[in-house]
Amino acid sequence: MWGSALDCDLARNVFGQHLARELLFKSVKEFIENDNPSKPLVLSLHGWSGTGKTFVSSLLVKHLFKEGSQSRFVHFFSPVLHFPRVQNLEQYKVDLKGWIQGNLTTCSRSLFVFEEMDKMHPGLIDAIVPFLGSSWVVYGSNYRKAIFLFISNAGGDDINEVALDFWKQRKDREDIRLHHLESTISKAVFSNPKHGFWQSQIINQHLIDVILPFLPLRPSHVRQCVQAEMVQQGLEPEEELLNNITDSIVYFPEDEKVFSSTGCKTVVSRINYFV
């Protein structure tokens, strides 16, 4: 079953993200197993760079589609690549709506990934509002079976603050739950006039089903990243080398070195330097 394979892949390869893993698997499993969902599944992923947002998205694509990211039913949108000029905003809206509708007509079980939402021109994403609710009609297709992922670094500072507060109060990081983070992420992201969700109807109409927070990574999680990457490269993860690479990462706060400033993003370059 794809579900157990995805769950296993998340458990084995996603480090330090108990909350995002749990929320993602539960929401996707329930959605896929529902033959007649009332609306598409809309997930919003938030956290600092290097915490695993894009990687988790790639695992989901890999397990849902036989051809993975090469599938013609998986669609990626980058504001920098696809929507670079603010003066073309109105045309982008027309194009985006057309792209979504055309692809949903081809396959109702499509997946759309919107990267770097914090760099998207405010107002543009509202072009797809009709496809996220329950009342739109796409002829010849049950568009309600589609999945939409929004990925953003925004809200990362606020997530980090909550995680740091837990550490200062000597609370277990694994005890952080969605209710500790959801409102603070919402305020940080949806009230930012430079964010793609600024005054968006997606927010006003409550069309996001689940917010997935990605927590800052502890040194132990970075070490797991280093070890996994070394094995992936066919290298022997010797203890001293693991320690040297893990210790070379920048952590914050500067004195206590509690969390990685770059998550696991610089792990590959650090391995190349040390090896």
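The analysis underlying the following values was restricted to heavy atoms, covering all of them including side chains, and did not include hydrogens, waters or symmetry mates.
Residues meeting the side chain to side chain donor-acceptor pair (under 3.5 Å) test with D95, sequence neighbours left out: Q91. Take A188 and apply the side chain to side chain contact (heavy atoms under 4.5 Å, CB included) test, not counting sequence neighbours, and it matches D158.
Taking the six-membered ring where tryptophan is involved, the planes of Y92 and F83 are perpendicular, since the angle between them exceeds 60° and thus also 30°. Ring geometry, H82 versus W99: the interplanar angle exceeds 60°, so the pair is classed perpendicular (tilted spans 30 to 60°).
Side chain of H46 to backbone of A154: a donor-acceptor contact under 3.5 angstrom is found. Remark: side-chain polar atoms of T262 are not paired, donor with acceptor, to backbone N or O of K265 under 3.5 angstrom. Side chain of H18 to backbone of I176: a donor-acceptor contact under 3.5 angstrom is found. One N or O on the side chain of T106 and one on the backbone of G102 form a donor-acceptor pair closer than 3.5 Å. Judged by distance alone, with hydrogens and angles left aside, the side-chain atoms of R109 form a donor-acceptor pair with the main-chain N or O of K145 at under 3.5 Å. With hydrogens and angles disregarded, no donor-acceptor distance shorter than 3.5 Å links the side chain of S71 to the backbone of E67.
Shown here for M230 and P237, the closest heavy-atom pair between the two residues is CE-CA, 3.8 Å. Here the closest heavy-atom approach between residue G133 and residue L207 is recorded as CA-CD2, 4.0 Å. A146 and L104 make their closest contact through CB-CD2, 3.6 Å (heavy atoms, listed as atom of the first residue, atom of the second, distance). Considering all non-hydrogen atoms of both residues, M117 and S152 come closest at CB-CB, 4.0 Å. Residues K53 and W48 come closest through the heavy atom pair NZ-O, 3.1 Å. Between L6 and L59, the closest heavy-atom pair is CD1-O, 4.0 Å.
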Would you mind writing out the side-chain donor-acceptor pairs for residues 248-256 within the sub-3.5 Å range, not counting sequence neighbours?
unit_1 : atom_1 : unit_2 : atom_2 : d
S248   : OG     : I245   : O      : 2.7
S248   : OG     : R270   : NH1    : 3.4
Y251   : OH     : T246   : O      : 2.6

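Looking at N160 and F259, their side chains never come closer than 4.5 Å, going by heavy atoms from C-beta outward.
Between N153 and K119, the side chains place no donor N or O within less than 3.5 Å of an acceptor N or O (distance only, hydrogens not considered).
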Could you check V56 against Q17 for side chain to side chain contact (heavy atoms under 4.5 Å, CB included), going step by step and ending with a plain yes or no? CA-CA 10 Å; V56 164; Q17 301 300 351; 5.9 Å; no

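Identified under the salt bridge (Lys or Arg N to Asp or Glu O under 4.0 Å) test for residues 164-181, with sequence neighbours left out: E22-R177. Evaluation of the salt bridge (Lys or Arg N to Asp or Glu O under 4.0 Å) test over residues 34-50, restricted to residues two or more places apart or in two chains, returns K39-D209. Legend: side-chain hydrogen bond (donor to acceptor under 3.5 Å, both in side chains) pairs involving residues 223-232, not counting sequence neighbours, sorted by first then second residue: R223-E239, R223-N243, E229-Q233.
To the nearest 0.5 angstrom, H180 atom NE2 is 14.0 Å from I159 atom CD1.
When each of I202, L45, V189, V113 is paired with F150, the side chain to side chain contact (heavy atoms under 4.5 Å, CB included) condition holds for I202 and for no other.
Two rings, from F112 and F131, have their centers 6.0 Å or more apart.
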